[in-house]
Amino acid sequence: MRPTVYIKDLKNHVGEEVTLKGWLYNKRSSGKLKFLILRDGTGYIQCVVFKGNVSEEIFDSADKLTQESSFEVKGKVKAEPRSVGGYELDVTDMKTVAISHEYPITPKEHGIEFLIDNRHLWVRSKRQVAILKIRARIVKAIRDFFDSRGFTLFDPPIITPNACEGTSTLFEMDYFDLGKAYLTQSGQLYVESGAMALGKVYSFGPTFRAEKSKTRRHLTEFWMVEPEMAFYNLDDDMDLAEEFLEYIVQTVLAECKEELKELERDTTKLEKVVRPFPRISYDEAVEILKKNGINFEWGNDLGGTDETVISGQYDRPVMVHRYPAEVKAFYMKRDPENLKVALAVDVLAPEGYGEIIGGSQREDDLDLLLSRIKEHNLPQSFFEWYLDLRRFGSVPHSGFGLGLERTVSWICGLEHLREAIPFPRMIYRNTP
RNA sequence: UCCGCGGUAGCUCAAUGGCAGAGCAUGCGGCUGUUAACCGCAGGGUUGUAGGUUCGAGCCCUACCCGCGGAGCCA
């Protein structure tokens with residue numbers, strides 16, 4: 001039997017008698033009075049059990065409920081300023097569904113390691129519920145954004161025969177009689193074929209990196225959204241990325257007020273995320289680093305601390321474009337005005353959250369792409385299908401990838417990426 | 001792979017080389033307005049593992065195991 005009413009809807013039932021179903025979040029008692037905090041996934045409400053209002057049996061059953069026990073409760077809804085949330089339930093009847101064993105996550109603080117070990121239970125806590133709701137809303141905002149702008153969803157394969165960009169370490173597996181296969185590190189090359197078929201496409205799915213990155217900004221399995229657009233140059237690409245990020249942030253601000261409050265997120269920082277975003281070249285970024293006393297050599301990629309210094313100059317995401325071609329992937333187009341740099345862009349989130357978007361205009365010239373593949377010592381046979389995209393009606397095109405968990409982490413103001421996904425996968429952890 | 005930090009009750013932590021403790025959680029008792037409620041009582045320990053120094057090691061030394069943070073790499 002389904003619940004008759006969910007906690008989030010109680011404001012429409014003041015004065016009525018309703019039945020709620022859920023779990024015991026916490027309990028306090030004061031002799032003949034018991035306060036049961038019920039949670040049902042939509043909210044929390046204090047249920048008051050007064051000894052004079054219920055049978056002895058029911059009063060005792062309220063006493064026996066342990067933290068996270070499941071139960072049904074019937075009572076009258078009333079507005080109550082003394083209660084957190086503003087509403088309260090005067091209990092007339094209740095039924096225990098299951099008494100919980102001793103619950104490991106107590107109301108006191110816990111260490112991160114213990115909480116991750118109990119991730120399957122930790123997701124019940126207020127903070128985690130708020131984060132997961134915001135994540136779900138961000139995912140919807142991403143889909144809404146592209147679906148309403150003429151993009152078609154285009155799903156690349158997850159099992160691939162080779163390293164997409166030839167740089168990262170991948171998860172390897174035996175694939176029947178065909179030798180080794182790998183879990184994808186990016187749908188990038190495949191969505192390019194989609195853009196040639198459908199004009200504007202995006203993929204949204206899990207991505208895998210086997211690098212032994214041991215930081216709060218890395219997971220081995222994460223979700224990435226990758227739009228790819230035919231006839232877009234780098235400026236068009238940046239225009240889209242900018243509009244995209246503004247849309248996501250402003251949507252969450254408008255629709256997840258309660259959750260952001262639960263996370264104690266400083267929303268004034270998010271309110272500033274409106275177009276236009278600053279756009280600086282890699283050369284200008286290097287100047288900023290030098291002005292801040294950082295010894296940085298032209299030609300290197302930006303490190304974590306470099307990114308923090310650069311993004312610290314601005315109150316909104318900053319787009320750094322035209323990186324040295326040497327440090328970027330083989331498929332990125334060189335700038336015709338300066339062949340040493342690639343038409344690439346990284347978007348750095350504010351408040352030290354680092355790179356959340358990486359994108360570029362792609363090399364559309366067959367001969368140049370061929371020579372890049374040779375320079376990078378990549379097996380040409382694996383890329384013949386990709387080269388076909390240049391053989392058969394090549395056009396200028398661009399795209400980018402946005403890391404979902406880094407975006408969730410930034411918008412929620414998290415310390416660590418592992419809270420941004422239900423079950424994080426890291427180099428020394430694949431459980432629960 | 002490298003650098004740094006850590007491992008004590010179910011959890012979070014304390015303990016000058018000298019009797020291993022507190023809070024929370026659990027159990028029992030008390031309280032008609034609690035807000036991580038409070039008050040009283042009780043149970044709960046191979047101090048990561050293996051050696052070593054010492055009259056005596058949670059603490060000092062050596063090795064190993066595990067974890068966390070950072071670097072590199074990246075979203």
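Letters A, B, ... are given to chains in the order of the sequence lines, protein chains preceding strands, and every chain is numbered from 1. Keep in mind that what you see is a predicted model, and the values were worked out from it rather than measured.
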Which residue lies toward the 5' end of RNA chain B, A/Asp346 or A/Lys32, if each is placed at its nearest nucleotide?
->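 The residue mapped nearer the 5' terminus is A/Lys32.
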Let's see if you can work this out: which of [options] has an atom nearest to the side-chain heavy atoms of [X]?
X	options	result
A/Arg217	B/rC73, B/rU32, B/rG33	B/rC73
A/Leu33	B/rU32, B/rA75, B/rU34	B/rU32
A/Phe114	B/rC68, B/rA71, B/rC11	B/rC11
A/Met224	B/rA75, B/rG33, B/rC74	B/rA75

| Hey, is A/Phe222 doing a stacking thing with B/rA75, by the 5.5 Å centroid and 30° angle criteria? |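 Check passed, A/Phe222 stacks on base of B/rA75.
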Tell me whether the count of non-hydrogen atoms from other residues, nucleotides or ligands lying under 6.0 Å of [atom1] in [X] goes above 12.
X	atom1	value
A/Glu375	CD	yes
A/Lys76	NZ	no
A/Lys126	NZ	yes

For [N], give its Watson-Crick or G-U wobble partner with both distances under 3.5 Å, or none.
N	answer
B/rC19	none
B/rA50	B/rU62
B/rG40	B/rC28
B/rC5	B/rG67
B/rC74	none

Does [X] reach a base, just sugar-phosphate, or nothing at all? Heavy atoms under 4.0 Å.
X	value
A/His416	sugar-phosphate
A/Ile357	sugar-phosphate
A/Glu405	nothing
A/Asn26	sugar-phosphate
A/Arg216	sugar-phosphate

- request: Calculate, to the nearest 0.5 Å, the distance between atoms OG and CZ belonging to A/Ser203 and A/Phe146 respectively.
  value: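 Reported value, rounded in 0.5 Å steps: 9.5 Å.
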query = From A/Phe277 CZ over to A/Glu246 CD, what is the distance, rounded to the nearest 0.5 angstrom?
reply =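 Answer for the CZ-CD pair, A/Phe277 versus A/Glu246, is 6.5 Å.
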OP1 or OP2 of [N] versus the side-chain N and O atoms of [X]: is any pair under 4.0 Å?
X	N	value
A/His218	B/rG72	no
A/Arg82	B/rU32	no
A/Arg418	B/rG69	yes

With respect to A/Arg265, which candidate in A/Glu351, A/Glu271, A/Glu258 satisfies the salt bridge (Lys or Arg N to Asp or Glu O under 4.0 Å) definition?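 It is A/Glu351; the other options fail the test.
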What's the [atom1]-[atom2] distance between [X] and [N], to the nearest Å?
X	N	atom1	atom2	result
A/Lys27	B/rU34	NZ	P	18 Å
A/Tyr44	B/rA36	OH	C1'	14 Å
A/Leu170	B/rC74	CG	C1'	12 Å
A/Glu221	B/rC74	CD	C1'	16 Å
A/Met426	B/rC68	CE	P	6 Å

Pair of N/O donor and acceptor under 3.5 Å linking [N] base with [X] side chain:
X	N	answer
A/Glu88	B/rG33	yes
A/Arg406	B/rC74	yes
A/Ser29	B/rC31	yes

